[in-house]
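To start, the structure under review is shown below, and the notes come after it.
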Amino acid sequence: MRTHARAAILVAMGLTFGAGAIALAGDAKPRARAAAPHASKFTEAVLRGNAKFVSRDFPAAVTVYREAIQLEPKNPRGHYLLGEAQSALGNLTEAEASWTQADDFADSDPEIKTKVLFCLADVKERQKKWDAAKTAWEHYKEYVTAHADAGGAPASADARLQAIETVEKQDKAYEIVRKRIAEEKADGGK
């Protein structure tokens with residue numbers, strides 16, 4: 001489910017590049033249109049990577065996004081997109097590293113920074129690093145509140161913080177059950 005939502009984001013991001021947008025109409029499989037003559041090699045690489053991502057060829061998307069990063073290593077968009085492809089492959093540690101790099105370069109691009117902060121909070125939560133996830137969601141909320149025009153949703157952070165609190169309460173309550181089970185195993189199941 002998350003991969004489909006992120007694919008939609010990538011398509012939307014591709015559309016912001018204008019003539020080099022990803023074409024989805026008419027085909028079951030997306031294809032990249034020829035980039036406009038003025039489009040940069042970085043933009044062309046990102047669009048090729050987006051086409052690979054949308055067609056669910058995540059390993060190829062990773063390769064192409066890495067090519068884009070080599071062209072513009074300080075452009076946060078390449079690092080962000082690489083993280084998305086790595087996440088789609090289930091490589092959360094690598095995705096987190098890519099998003100952290102994107103965050104390092106994203107201060108001048110509030111839209112990308114918003115997406116990156118969301119991804120960083122989400123990955124901490126998916127890794128069950130509850131304290132780090134709470135801190136990351138708070139940071140996301142503060143940022144999107146201060147940058148309302150960047151497309152973030154402070155309510156998302158509130159919902160995730162509430163969900164983490166619920167999980168922590170359940171974990172604490174279940175600790176008694178885990179302890180009893182461990183004691184029963186130690187007693188030979190009696």
Side-chain angles (χ1 to χ4, degrees), residues 1-36 38-129 132-133 136-137 139-140 143 150-152 156 160:
M1 180 72 172
R2 291 179 193 219
T3 301
H4 295 298
R6 289 183 174 165
I9 291 170
L10 292 174
V11 170
M13 289 176 67
L15 294 175
T16 64
F17 287 121
I22 296 175
L24 296 174
D27 279 325
K29 295 182 179 177
R31 64 192 185 301
R33 290 185 192 169
H38 65 278
S40 72
K41 290 189 184 296
F42 173 82
T43 300
E44 291 171 4
V46 164
L47 292 172
R48 283 194 328 273
N50 289 357
K52 297 293 184 188
F53 187 98
V54 171
S55 69
R56 302 190 59 79
D57 187 355
F58 303 126
V62 165
T63 300
V64 177
Y65 291 140
R66 284 187 173 135
E67 291 172 12
I69 290 168
Q70 288 178 349
L71 295 167
E72 291 187 23
K74 293 186 178 183
N75 189 324
R77 191 173 302 266
H79 297 284
Y80 163 70
L81 294 170
L82 176 60
E84 291 288 4
Q86 291 165 326
S87 177
L89 284 168
N91 300 332
L92 296 183
T93 302
E94 292 177 21
E96 182 179 9
S98 293
W99 290 325
T100 298
Q101 283 189 309
D103 186 33
D104 291 343
F105 301 120
D107 289 335
S108 63
D109 190 337
E111 183 180 312
I112 291 295
K113 180 109 176 160
T114 297
K115 289 173 176 48
V116 167
L117 292 176
F118 183 94
C119 289
L120 286 169
D122 178 63
V123 78
K124 292 292 187 196
E125 188 175 344
R126 290 167 67 188
Q127 294 169 333
K128 300 183 186 322
K129 296 178 179 176
W137 283 119
H139 185 207
Y140 169 80
Y143 186 84
S156 294
R160 296 318 312 150

### Message
Looking at E67 and K41, is there a salt bridge between them, counting it only when a charged N and a carboxylate O are closer than 4.0 Å?
### Response
no

## Note on the structure
What one should report as the nearest heavy-atom pair of F118 and S156 is CE1-CB, 4.3 Å

### Stepwise side-chain contact (heavy atoms from CB on, under 4.5 Å) check, R77 with F42
CA-CA 10 Å; R77 191 173 302 266; F42 173 82; 4.2 Å; yes

#### Entry: Considering all heavy atoms, the nearest A61-G49 contact
CB-O, 3.7 Å

### Message
Could you check whether any side-chain heavy atom of W137 comes within less than 4.5 Å of a side-chain heavy atom of E125, counting everything from C-beta outward?
### Response
yes

### Message
Would the distance check show the side chain of S87 and the main-chain N or O of G83 forming a donor-acceptor pair, the cut-off being under 3.5 Å?
### Response
no

### Task
Provide the closest heavy-atom pair for T114 versus G151 in the form atom of the first, atom of the second, distance.
CG2-C, 4.3 Å

## Note on the structure
d(Y80 OH, K113 NZ) to nearest 0.5 Å is 14.5 Å

### Message
To the closest 0.5 Å, what do you measure between CD1 (I112) and CG (N75)?
### Response
8.0 Å

### Message
Just verifying a value: how many Å separate L120 CG and S98 OG, rounded to the nearest 0.5 Å?
### Response
10.0 Å

### Query
So, does Y65 use its side chain to make a donor-acceptor pair with the main chain of N50 at under 3.5 Å?
yes

### Query
Between K124 and A132, what is the shortest heavy-atom contact and its length?
CD-CB, 3.8 Å

### Query
CD/Q127 to OG1/T93 distance, rounded to the nearest 0.5 angstrom?
5.5 Å

### Task
Could you tell me which non-hydrogen atom of A88 sits nearest to which non-hydrogen atom of F53, and how far apart they are?
CB-CE1, 4.0 Å

## Note on the structure
Distance col, row F105:CZ vs T100:OG1, nearest 0.5 angstrom, shows 11.5 Å

## Note on the structure
Tightest non-hydrogen contact, residues A45 and A68, listed as CB-CB, 3.7 Å

### Query
Less than 4.0 Å between a side-chain N and a carboxylate O, is that true for K115 and E111?
yes

## Note on the structure
Rounded to the nearest 0.5 angstrom, the NE2-CD distance for H79 and Q101 is 5.0 Å

### Task
Under the salt bridge (charged side-chain N to carboxylate O under 4.0 Å, His left out) rule, collect the residues that match up with E72, sequence neighbours excluded.
none

